[in-house]
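Sharing a structure below in structure tokens format, with a few things to ask.
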Amino acid sequence: MIRHTLGRLAATLFIAVVLAFFTLPMLWLASAPFDDTPAITTSIPDFTLRNFAAILDNPYALGSIRNSLIQGGGAAAIVVLLAALAAYALSRVRVPGRDALLYLLLLLSSVVTGTAAMVPIFELATRLDLIDTHLGVILVVSGGLLPAAIFILKDFMDETPTTYEESARVFGASPLQILRHIVVPLVRPGLATIAVWALASVWGGFLFQFILLRDPEKAPGSVILYTLYTEGGAPKLDLISTFSLLYSLPVVAMYLFVSHRYGFRFHGGIKR
């Protein structure tokens, strides 16, 4: 009995330590923007809104959030559209080596990282005149996200019933009509998951955006964040914390919307 009680206390203490480890940074992010003199430690803030006024005075801060929305939203739209088409084709068409192809795409997307492929990507973007354009960033990051998106979305496609598709095919529906009117409504939770994942990946991305963009007015928030330092390289905690809070709100809002709309109780488009 005593051993069981000690085990429960130890487990509770371990969970409390883990929760504190993840909670304290969130508390700092929530309190530091309202602190007149924020520090690394978490404390009761000396309340002020001066930090938000300073961010609004920054000529690139709010524009960078708009740029992130353009780049992240564009990449998410391309990834969802192309991944849905590819996943549906790979799910319904039986071809030799299909599964091997999927695993090969996923493996290559993991092994050939952005750093390793940066030189040929930069050369290709230069030849196509995509340097310093939103389109260049969107196409590059979409290509990196597509293999994993196809791999994930194919599981949703595999679990959807084919009886409705067969009935629609009898009445002369084309594959695209079946995909649009029957399959997509069933796998909307999977599409929403891919959209949030793609947007969050681009939202926090830095390397491609930093290399491909020259004009600071086109830079996303992840790049502008690195300009909030002094000339000596010391971080301006008041500006960084405030901008980080504002920059995280759109992704958090999208996550909450998708979680509220679809939740996490879906598998293959069918609610269990």
Side-chain angles (χ1 to χ4, degrees), residues 71-117 121 124 135 137-205 208 251 254-272:
Q71 296 167 16
I78 291 177
V79 169
V80 168
L81 176 61
L82 297 184
L85 294 173
Y88 179 69
L90 290 171
S91 175
R92 297 299 188 262
V93 179
R94 305 294 178 180
V95 294
R98 180 194 61 182
D99 293 336
L101 175 62
L102 279 173
Y103 283 106
L104 180 62
L105 287 175
L106 186 64
L107 178 64
L108 290 177
S109 66
S110 301
V111 174
V112 183
T113 60
T115 305
I121 288 176
L124 180 61
L135 180 61
V137 174
I138 291 172
L139 293 178
V140 169
V141 296
S142 298
L145 296 174
L146 266 176
I150 295 172
F151 186 84
I152 296 171
L153 200 55
K154 180 180 175 295
D155 286 338
F156 285 87
M157 298 291 185
D158 289 341
E159 295 300 323
T160 56
T162 59
T163 54
Y164 295 150
E165 300 177 43
E166 294 170 356
S167 299
R169 197 173 292 113
V170 169
F171 286 97
S174 66
L176 285 179
Q177 289 175 325
I178 294 174
L179 177 64
R180 177 183 176 184
H181 298 291
I182 297 177
V183 178
V184 167
L186 291 176
V187 299
R188 277 184 297 182
L191 297 176
T193 300
I194 295 299
V196 173
W197 169 72
L199 179 63
S201 298
V202 179
W203 201 263
F208 289 122
V251 174
M254 183 177 181
Y255 169 81
L256 292 176
F257 170 77
V258 173
S259 178
H260 174 73
R261 182 71 181 272
Y262 300 110
F264 296 97
R265 298 180 300 276
F266 291 89
H267 182 73
I270 305 299
K271 186 174 181 180
R272 289 184 172 183

Q: Measure across Pro147 and Gly144 and return the closest heavy-atom pair with its distance rounded to 0.1 Å.
A: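 Distance-wise, the nearest heavy atoms are CD-O, 3.7 Å.
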Q. For Ala86, which residues count as a side-chain contact (heavy atoms from CB on, under 4.5 Å) partner, sequence neighbours excluded?
A. Ile150
Q: Tell me, please, which residues at least two apart from Arg180 pass salt bridge (Lys or Arg N to Asp or Glu O under 4.0 Å).
A: none
Q: Taking all heavy atoms of Val251 and all of Ala200, pick out the closest pair and write down the distance.
A: CG1-CB, 4.3 Å
Q) Can you name the side-chain contact (heavy atoms from CB on, under 4.5 Å) partners of Ile152, sequence neighbours left out? A)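 Once residues adjacent in sequence are excluded, the partners of Ile152 under the side-chain contact (heavy atoms from CB on, under 4.5 Å) criterion are Phe156, Ile194.
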Q) What residues, two or more places apart in sequence or in another chain, satisfy side chain to side chain donor-acceptor pair (under 3.5 Å) together with Thr163? A) none
**Q.** Within-4.5 Å side-chain heavy-atom neighbours: Leu145 and Val202
**A.**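 Yes; the side chains approach each other to less than 4.5 Å.
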(Q) Quick test of your reading: applying side-chain hydrogen bond (donor to acceptor under 3.5 Å, both in side chains), list the pairs with at least one residue in residues 73-88, sequence neighbours left out, ordered by first then second residue. (A)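 Checked against side-chain hydrogen bond (donor to acceptor under 3.5 Å, both in side chains) - neighbours excluded - the pairs reaching residues 73-88 are Tyr88-Glu165.
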Q) What pairs with Ser91 under side chain to side chain donor-acceptor pair (under 3.5 Å), at least two apart in sequence or on another chain? A) Asp158
Q) Between Arg188 and Thr193, is any side-chain donor less than 3.5 angstrom from a side-chain acceptor? A) no
Q. With Leu176, which residues qualify under side-chain contact (heavy atoms from CB on, under 4.5 Å), at least two apart?
A.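 If we apply the side-chain contact (heavy atoms from CB on, under 4.5 Å) test to Leu176, skipping adjacent residues, the hits are Leu85, Ser174.
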Q. For the residue pair Leu186 and Ile182, what are the closest heavy atoms and their distance?
A.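 The answer is CG-O, 3.4 Å.
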Which donor-acceptor pairs under 3.5 Å do the side chains of residues 71-81 make with protein atoms, sequence neighbours left out?
residue : atom : partner : partner atom : Å
Gln71   : NE2  : His134  : ND1          : 3.1
Gln71   : NE2  : Lys218  : O            : 3.3

Q. Can you name the closest pair of heavy atoms from Gly190 and Leu153 and give their distance?
A.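 Between these two residues, the closest heavy atoms are C-CD1, 3.9 Å.
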Q | Arg169 CZ to Gln177 CD distance, which is reported to the nearest 0.5 Å | A |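 Output value for this atom pair is 12.0 Å.
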Q. What distance separates Met157 CE from Thr162 OG1, expressed to the nearest 0.5 Å?
A. 13.5 Å
Q. Within a strict 4.5 Å, meaning less than it, do heavy atoms of the Arg92 and Leu179 side chains meet?
A. no
